[in-house]
K.L.:
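I have a structure here, written as structure tokens, and I will follow up with some questions on it.
The figures here come from the full heavy-atom set of this structure, side chains too, leaving out hydrogens, waters and symmetry mates. Numbers for residues simply follow the sequence, beginning at 1. If you're wondering where the values come from, they're calculated on a predicted model, not measured in any experiment.
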Amino acid sequence: MEYTVHALGKLAGVSTRTLRYYDEIGILKPARINSSGYRIYGQNEVDRLQQILFYRELDVPLDTIKKMMASPSFDVKEALKEHHEKLLAKKEQLHQLIANVEKTMETIEGRRTMSDKEKFAGFKKKMIEDNETKYGKEIREKYGEEIIEQSNAKLMNMSENDYRSMVEVEKTLFSTLQEALKEGNPAGHAGQKAADLHKQWLSFTWPEYTMEAHAGLAEMYVADNRFTSYYDKVQVGATAFLRDAILIYTGMTSES
């Protein structure tokens with residue numbers, strides 16, 4: 001069975017513009033171009049598009065998907081197994097959030113009381129699941145299963161006040177990072193304040209803080225586009241600036 005770009009788009013529920021873009025960046029090329037100049041897709045391309053859409057559903061960036069699927073070690077069967085596991089985790093996460101909303105509604109209607117721990121359980125569960133989906137493999141390889149499980153447990157047991165404090169510290173971190181970028185010196189007052197706020201933010205969930213681990217995480221931020229995009233939303237280059245500030249803060253550079 002072969003499909004034109006319009007037929008494949010209709011089959012997969014994506015726009016023809018998306019398929020043309022996938023062709024342009026080389027993640028999904030058509031099997032051939034016919035005599036009329038139309039893109040023609042075969043079964044291999046249909047299967048590849050399915051894989052791409054699975055990963056996109058899990059918010060994996062296109063450049064990461066492209067690298068994964070271009071790797072000689074890419075295994076379709078293993079990829080499907082991984083998709084299945086992550087989708088089940090996402091399903092569980094949604095059940096947790098639905099249960100949390102239902103309990104909240106019952107509380108508002110006076111049919112039950114809800115503890116602070118219950119109120120935030122669904123949101124904290126979602127935070128953990130999102131982190132696992134985006135960064136789980138990398139951080140587990142770097143820090144080990146035990147450390148990550150302890151960190152997740154610490155987050156799940158966090159009180160309402162601590163949770164709010166963590167959110168506020170992160171908010172202050174971003175505003176301070178903006179100030180530091182204007183100052184232009186990672187060793188300056190604002191730069192070092194940002195590094196200290198980052199330490200405070202990590203300490204809400206890390207079972208134990210070490211300067212070596214902090215510096216290592218900062219290096220990972222710069223090396224991985226998924227981490228970089230989180231801090232570069234402040235300004236392009238913000239992640240590298242924060243990394244430099246953290247290396248100075250932790251004494252892992254001669255500039256300290």
K.L.:
So do Asp23 and Pro30 actually touch side chain to side chain, heavy atoms under 4.5 Å?
P.N.:
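Yes, at least one pair of side-chain atoms sits under 4.5 Å.
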K.L.:
Below 4.0 angstrom, N of the basic side chain to O of the carboxylate: do Glu2 and Arg32 qualify?
P.N.:
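Salt bridge: yes.
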K.L.:
To check you understand the geometry: which heavy-atom pair defines the closest contact between Ile65 and Ile52, and what is its length?
P.N.:
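That closest heavy-atom pairing would be CD1-O, 4.0 Å.
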K.L.:
Would Val14 and Tyr41 show up in the same hydrophobic cluster when neighbours are defined by side-chain heavy atoms closer than 4.5 Å?
P.N.:
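Yes, same cluster.
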K.L.:
Measuring from Leu28:CG to Lys66:NZ, what's the distance to the nearest 0.5 Å?
P.N.:
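The distance works out to 11.5 Å.
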K.L.:
For Tyr221, which residues count as a ring pair (Phe, Tyr, Trp, His ring centres under 6.0 Å) partner, sequence neighbours excluded?
P.N.:
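Expected list: His198, Phe227, Tyr231.
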K.L.:
Which heavy-atom pair separates Leu19 from Gly9 by the least distance, and what is that distance?
P.N.:
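Here Leu19 and Gly9 meet closest at CD1-N, 3.5 Å.
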K.L.:
Please report the interatomic distance OH(Tyr3) to CD(Glu45), rounded to the nearest 0.5 Å.
P.N.:
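Separation between the atoms: 11.5 Å.
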K.L.:
Is a side-chain N or O of Arg48 found less than 3.5 angstrom from the main chain of Ile27, in a donor-acceptor match?
P.N.:
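Indeed, once roles are kept as given, a pair shorter than 3.5 Å links the two residues.
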K.L.:
Let me confirm one number: the CG-CD distance from Leu197 to Glu168, rounded to the nearest 0.5 Å.
P.N.:
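Reported to 0.5 Å precision, the distance equals 10.5 Å.
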K.L.:
Could you pull out the closest heavy-atom pair between Ala238 and Asp232, with the gap in Å?
P.N.:
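Here Ala238 and Asp232 meet closest at N-OD1, 3.1 Å.
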K.L.:
Check whether the side chains of Ser175 and Thr172 place a donor and an acceptor atom closer than 3.5 Å, and report yes or no.
P.N.:
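There is no such pair between these side chains.
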K.L.:
Honestly curious: do Val46 and Val5 fall in one hydrophobic cluster under the side-chain, below-4.5 Å linking rule?
P.N.:
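Both belong to a single hydrophobic cluster.
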K.L.:
How long is the gap from CD on Glu24 to CZ on Arg17, to the nearest 0.5 Å?
P.N.:
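One gets 10.5 Å once the value is rounded to the nearest 0.5 Å.
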K.L.:
Report yes if the side chains of Leu62 and Ile25 come closer than 4.5 Å at any heavy-atom pair, otherwise no.
P.N.:
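Yes; the side chains approach each other to less than 4.5 Å.
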K.L.:
Do the ring centers of Phe174 and Tyr230 come within less than 6.0 Å of each other?
P.N.:
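Yes.
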K.L.:
Mark yes or no: Lys199 above the aromatic ring of Tyr209, with NZ or CZ under 6.0 Å from the six-membered ring centre and no more than 45 degrees from the axis.
P.N.:
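Yes; both conditions hold, so Lys199 lies above the ring face of Tyr209.
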K.L.:
Is there a side-chain contact (heavy atoms from CB on, under 4.5 Å) between His214 and Leu202? Walk through the geometry before answering.
P.N.:
CA-CA 9 Å; His214 193 184; Leu202 291 174; 3.5 Å; yes
K.L.:
Hey, quick one: are Val236 and Leu242 part of the same hydrophobic cluster, counting side-chain heavy atoms closer than 4.5 Å, chains of contacts allowed?
P.N.:
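No, it is not one cluster - the side chains of Val236 and Leu242 are not joined through contacts under 4.5 Å.
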K.L.:
Please round to the nearest 0.5 Å and tell me the distance separating atom CE of Met211 and atom CG of Leu247.
P.N.:
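Rounded to the nearest 0.5 Å, the CE-CG separation comes to 12.0 Å.
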K.L.:
Do you see a donor-acceptor pair shorter than 3.5 Å between the side chains of Asp47 and Gln51?
P.N.:
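There is no such pair (donor and acceptor under 3.5 Å, judged by atom type) between the side chains of Asp47 and Gln51.
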K.L.:
Any pair with a residue in residues 203-212 that passes salt bridge (charged side-chain N to carboxylate O under 4.0 Å, His left out), sequence neighbours left out, goes on the list, sorted by first then second residue, please.
P.N.:
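Residue pairs passing salt bridge (charged side-chain N to carboxylate O under 4.0 Å, His left out), neighbours aside: none found.
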K.L.:
Applying side-chain contact (heavy atoms from CB on, under 4.5 Å), run through Val169 and Phe204 and close with a yes or a no.
P.N.:
CA-CA 10 Å; Val169 167; Phe204 280 102; 3.9 Å; yes
K.L.:
Any side-chain heavy atom of Leu181 within less than 4.5 Å of one from Val234?
P.N.:
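Yes; the side chains approach each other to less than 4.5 Å.
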K.L.:
Which atom names give the shortest non-hydrogen contact between Thr176 and Ala190, and what distance separates them?
P.N.:
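That would be CG2-O, 3.5 Å.
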K.L.:
For Ala195 versus Tyr249, what's the shortest heavy-atom pair and its separation?
P.N.:
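Smallest heavy-atom distance, with atoms named: CB-CB, 3.6 Å.
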K.L.:
Looking only at side-chain N and O atoms, does Asp196 offer a donor or acceptor that is under 3.5 Å from a partner on Gln200?
P.N.:
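A donor-acceptor contact under 3.5 Å links the two side chains.
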K.L.:
If we ignore hydrogens and angles and just use 3.5 Å, is the side chain of Ser36 paired with the main-chain N or O of Tyr38 as donor and acceptor?
P.N.:
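No.
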K.L.:
Heavy-atom distance under 4.5 Å between the side chains of Asp162 and Met166, does that happen here?
P.N.:
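SC-SC contact between Asp162 and Met166 ruled out.
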K.L.:
Any donor-acceptor pair under 3.5 Å linking the side chain of Glu219 with the backbone of Gly216?
P.N.:
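No; judged by distance alone, with no hydrogens or angles, the pair does not exist.
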K.L.:
If we count only N and O atoms by modelled type, under 3.5 Å, do the side chains of Thr16 and Arg20 hold a donor and an acceptor together?
P.N.:
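There is such a pair between these side chains.
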K.L.:
Could you pull out the closest heavy-atom pair between Leu49 and Ala12, with the gap in Å?
P.N.:
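What the structure gives for the nearest pair is CD2-CB, 3.6 Å.
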K.L.:
Would you mind reporting whether Leu217 and Trp206 have side-chain heavy atoms less than 4.5 Å apart?
P.N.:
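When only atoms from C-beta onward are counted, Leu217 and Trp206 do touch, with a gap below 4.5 Å.
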K.L.:
For the hydrophobic clusters of this structure (ILVMFWY residues joined by side-chain heavy atoms under 4.5 Å, transitively), does one cluster hold both Ile40 and Met1?
P.N.:
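Different clusters: Ile40 never reaches Met1 through Ile, Leu, Val, Met, Phe, Trp or Tyr contacts under 4.5 Å.
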K.L.:
Please answer whether the main-chain N or O of Pro186 pairs with a side-chain N or O of Gln192 as donor and acceptor at a distance below 3.5 Å.
P.N.:
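Here the side-chain-to-backbone pair exists.
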K.L.:
With rounding to the nearest 0.5 angstrom, report the CG to NZ distance, Leu173 to Lys193.
P.N.:
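Answer rounded to 0.5 Å: 10.5 Å.
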K.L.:
So does Lys233 have more than 12 non-hydrogen atoms from other groups sitting under 6.0 Å from NZ?
P.N.:
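Correct, the count exceeds 12.
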